[in-house]
Structures are given as C-alpha cells and as structure tokens.
Amino acid sequence: MRIVLVGPPGAGKGTQATRLAEKLSIPHISTGDLFRANISRQTELGKLAKSYMDAGNLVPDEVTIAMAKDRMEQPDAENGFLLDGFPRNVSQAEALGELLETEAIKLDAVLDLEVPEEEVVKRIAGRRICRNDSSHVFHVTYSPAKKEGVCDVCGGELYQRDDDSEETVRKRLEVYHTQTEPIIDYYKAQGLVVTISSLGPVEEITQRALEALKREDGGK
Ligand code: ADP
Ligand code: AMP
C-alpha cells in the first residue's frame with residue numbers, strides 16, 4: 001500500500017506510522033526524521049533545514065521534494081510506503097503526484113489523524129525523542145521510557161526537540177492550518193481521505209487505522 005499520513009504536529013503520526021509500517025510491511029518515511037538525521041550528521045542539508053525547523057517554518061520545497069524522492073526511490077519502497085510529514089503543502093502534493101505518475105503508480109489512501117488542539121499541545125509539551133533515532137518517541141506521562149531519559153529501544157539519550165518549545169509549536173500549528181490542511185481538500189477531491197480520531201490508547205488508534213485502511217482498500 002501507498003499511504004500518506006496527515007494531521008497536526010503532535011497528532012501521533014510518527015507513533016502510528018512506526019506501528020502501521022511494521023504491520024503492513026512497508027517502510028515508514030518521515031521527512032522530519034530524515035531532516036533530523038541530517039542535522040545529527042551535520043550535513044549541508046541538515047544545516048539548511050535546521051534554521052527553518054527551529055523557526056517552525058517549512059523547509060523549502062525544492063530540497064524537501066528532492067530528499068523525499070530520493071528516499072522513495074530506495075528498493076525497500078518499491079512495493080509501498082507510508083509517508084509521514086510529506087507532502088506538507090499543495091505544491092509538494094502535486095510534485096508527489098507527478099512522481100507517482102511517471103512510475104504509473106497511485107496512492108491508496110490519505111489517513112487523516114484528528115486531535116483537538118489542546119491535546120496536541122499536551123502531547124508536544126511532554127514529547128521526548130532519542131538522540132540516535134528520532135523515530136523512537138516517548139512522552140513523559142502518556143508513554144514514559146522504562147528508565148527516565150533513556151530510550152527503551154536502543155539505550156540512546158532522550159531529549160526534547162528544539163522545535164517543541166511553546167512559541168515554536170504555536171508557529172507550527174499556524175503553518176499546519178494555512179499550508180498543510182489544504183492538502184486534505186486536495187486529496188478529498190481524489191476520494192482518498194479517510195479520517196479517524198487519534199484520541200485514546202495508541203494500540204486502539206492503530207486498530208482503528210488498520211480497519212479504516214482495509215475499508216478503503218476493499219472499497220476500490
Ligand atoms: P507527530 O508525529 O504527529 O508529531 P508523535 O507520534 O511524535 O506525533 O506524538 C506526539 C507525542 O504524543 C509523543 O510524545 C507521543 O508519545 C505521544 N502520543 C502519541 N500518540 C498518543 C496517544 N494516543 N495518546 C497519548 N499520547 C500519545
Ligand atoms: P515533523 O518531524 O514532521 O514534526 O517535522 C519537523 C519539521 O521538519 C517541520 O516543522 C518542518 O520544519 C520540517 N519538515 C518536515 N517535513 C517537511 C516537509 N514535507 N516540508 C517542509 N518542511 C518539513
């Protein structure tokens with residue numbers, strides 16, 4: 001399957017993407033994780049991306065699309081992928097559409113995770129991620145690591161993302177409403193959007209997502 005996950009920052013996209021990717025045997029492709037890996041390796045792309053990320057803005061389309069394309073062209077993504085955080089505006093959605101068209105492939109679904117804003121703020125305030133791999137995600141109260149400050153998966157150090165400060169989160173939410181939400185209508189026009197609530201226990205949301213995707217797949 002080829003799936004796009006959308007939802008505001010803190011909706012639980014990364015948390016669900018890791019689980020869904022495993023269950024569906026497709027790679028989880030997160031542009032945010034790819035940028036953070038570039039920042040840790042101190043690449044030119046990482047240096048450029050960091051200035052935009054720290055301000056809560058989107059990284060320019062040209063570099064983002066090139067990076068996403070490169071990742072989607074890796075052999076493990078040949079038979080499907082789960083995109084998390086890409087596309088994030090209509091131009092990126094159009095670029096993705098063109099890329100898929102040249103390969104004669106189509107998206108199967110756009111999974112829209114709905115969460116009230118006050119919940120998103122609580123989730124982001126307590127989020128902690130791993131220095132070794134930013135897809136290892138915890139929450140100080142909702143999903144604490146077994147040992148405080150240490151990643152359960154790999155033993156790496158847990159820290160709070162620079163862009164999870166209150167001020168940057170406000171900016172990221174505004175960017176989500178003005179630039180990313182329009183892609184939901186864009187994909188609704190293509191009949192691809194399935195919306196589920198992202199409230200409740202993580203495992204329940206995964207089941208909800210799998211059911212919704214099954215319905216979408218069967219309905220075609
Ligand atoms: P996103 O990728 O959409 O920004 P994350 O998956 O990183 O969101 O989740 C944001 C924070 O909320 C993390 O700290 C995560 O542990 C926590 N979280 C994710 N899903 C839930 C849930 N269903 N209930 C409570 N907390 C959650
Ligand atoms: P995320 O990990 O998805 O919350 O993304 C963190 C930050 O990375 C965003 O606030 C943006 O600055 C940047 N980013 C991630 N994905 C994209 C994208 N598709 N387009 C532009 N910027 C992105």
Side-chain angles (χ1 to χ4, degrees), residues 1-14 16-17 21 26-74 76-78 80-113 120 124 129 134-135 161-165 167-193:
M1 283 189 99
R2 294 181 178 87
I3 304 163
V4 168
L5 263 185
V6 285
K13 297 182 297 297
Q16 293 303 327
I26 48 177
H28 165 203
I29 300 180
S30 155
T31 41
D33 287 344
L34 291 172
F35 284 132
R36 281 184 288 275
N38 273 277
I39 293 173
S40 328
R41 296 201 309 272
Q42 300 183 343
T43 66
E44 285 307 313
L45 174 61
K47 283 177 206 159
L48 173 89
K50 187 167 170 47
S51 59
Y52 292 94
M53 290 166 79
D54 285 353
N57 287 315
L58 296 186
V59 179
D61 285 346
E62 203 185 321
V63 288
T64 304
I65 292 165
M67 178 182 74
K69 178 173 184 286
D70 185 62
R71 178 64 188 87
M72 280 185 277
E73 285 172 352
Q74 301 297 312
D76 65 339
E78 205 175 324
F81 48 69
L82 204 169
L83 296 177
D84 159 13
F86 180 86
R88 234 177 172 103
N89 59 28
V90 172
S91 332
Q92 292 182 10
E94 287 169 349
L96 174 64
E98 282 163 27
L99 177 68
L100 296 179
E101 210 176 307
T102 59
E103 308 272 332
I105 49 182
K106 285 192 161 72
L107 288 177
D108 294 292
V110 173
L111 184 65
D112 169 28
L113 298 185
V120 152
I124 293 180
I129 64 166
S134 69
S135 72
R161 276 168 52 169
D162 291 343
D163 61 347
D164 277 352
S165 67
E167 195 193 335
T168 311
V169 168
R170 237 177 286 132
K171 175 68 186 169
R172 284 162 61 210
L173 284 167
E174 178 201 316
V175 167
Y176 177 74
H177 293 309
T178 56
Q179 302 193 47
T180 308
E181 261 180 354
I183 73 170
I184 299 178
D185 280 338
Y186 174 87
Y187 284 127
K188 270 188 183 160
Q190 300 178 22
L192 287 173
V193 178

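Along the sequence shown, residues carry numbers from 1.
By the 4.5 Å heavy-atom criterion applied to side chains, M67 and F35 are counted as neighbours. With a 4.5 Å cut-off on side-chain heavy atoms, L113 and V6 do not count as touching. You'll find the side chain of L82 reaches within 4.5 Å of the side chain of L5, heavy atoms only. Residues K50 and D162 have side chains in contact (heavy-atom distance under 4.5 Å, counting atoms from C-beta outward). Contact annotation: the side chain of V4 approaches that of P87 to within less than 4.5 Å [non-hydrogen atoms, C-beta and beyond]. Taking the side chain as every heavy atom from C-beta outward, V63 and L48 approach each other to under 4.5 Å. Proximity of M72 to F86: side-chain heavy atoms (C-beta onward) are separated by under 4.5 Å at one or more points. Using a 4.5 Å cut-off on side-chain heavy atoms (C-beta onward), R71 and P27 make contact.
Looking only at distances, no side-chain donor or acceptor of T168 sits under 3.5 Å from a matching main-chain atom of D164. Side chain of K13 to main chain of G7: a donor-acceptor pair is present (N/O by atom type, distance under 3.5 Å, no hydrogens or angles). Under the 3.5 Å distance criterion, the side-chain polar atoms of E103 are left unmatched by any main-chain donor or acceptor of L99.
Within the model, atoms CD1 of I105 and CD of E78 stand 9.0 Å from one another, a figure rounded to the nearest 0.5 Å. Taken to the nearest 0.5 Å, the CG atom of D108 stands 8.5 Å off from the CG atom of L192. Between the CD atom of E94 and the CG atom of N89 there is a distance of 9.0 Å, given to the nearest 0.5 Å. With values rounded to the nearest 0.5 angstrom, L34 atom CG is found 7.5 Å from I29 atom CD1.
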**OP:** Carefully, step by step, assess I26 and I3 under the rule side-chain contact (heavy atoms from CB on, under 4.5 Å).
**Re:** CA-CA 10 Å; I26 48 177; I3 304 163; 4.2 Å; yes

**OP:** Would you check, one step at a time, whether the test side-chain contact (heavy atoms from CB on, under 4.5 Å) holds for L96 with L107?
**Re:** CA-CA 10 Å; L96 174 64; L107 288 177; 4.3 Å; yes

**OP:** For side-chain contact (heavy atoms from CB on, under 4.5 Å), just list the numbers for S30 and H28, CA-CA rounded to whole Å, side-chain angles, deciding distance to a tenth of an Å, and then say yes or no.
**Re:** CA-CA 6 Å; S30 155; H28 165 203; 3.6 Å; yes

Subject >> Stepwise side-chain contact (heavy atoms from CB on, under 4.5 Å) test for L58 and T64 >> reply: CA-CA 9 Å; L58 296 186; T64 304; over 6 Å; no

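In this structure, D112 has no salt bridge (charged side-chain N to carboxylate O under 4.0 Å, His left out) partners at least two apart in sequence or on a different chain.
N38 and T43 are linked by a side-chain donor-acceptor pair at a separation below 3.5 angstrom, with hydrogens and angles left out of the test.
Under the 4.0 Å criterion applied to side-chain N and carboxylate O atoms, K69 and E73 are assigned as salt-bridge partners. Ion pairing between R170 and E167 fails under the 4.0 Å rule for side-chain N and carboxylate O. Between K171 and D163 no salt bridge is recorded (no basic side-chain N to carboxylate O distance below 4.0 Å).
Nearest heavy atom pair, residue I39 against residue G46, reads CG1-O, 3.5 Å. When all heavy atoms are compared, the tightest approach of P9 to R172 is CB-NH2, 3.5 Å. Of all heavy-atom pairs spanning G85 and T31, the tightest one is O-OG1, 3.1 Å. Here the closest heavy-atom approach between residue I129 and residue R161 is recorded as CD1-CG, 3.3 Å.
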N/O donor-acceptor pairs under 3.5 Å from side chains in residues 179-191, not counting sequence neighbours:
residue : atom : partner : partner atom : Å
T180    : OG1  : R88     : O            : 2.8
E181    : OE1  : H177    : ND1          : 3.3
E181    : OE2  : H177    : ND1          : 3.4

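The list of salt bridge (charged side-chain N to carboxylate O under 4.0 Å, His left out) pairs with a residue in residues 28-38, not counting sequence neighbours, reads D33-R36.
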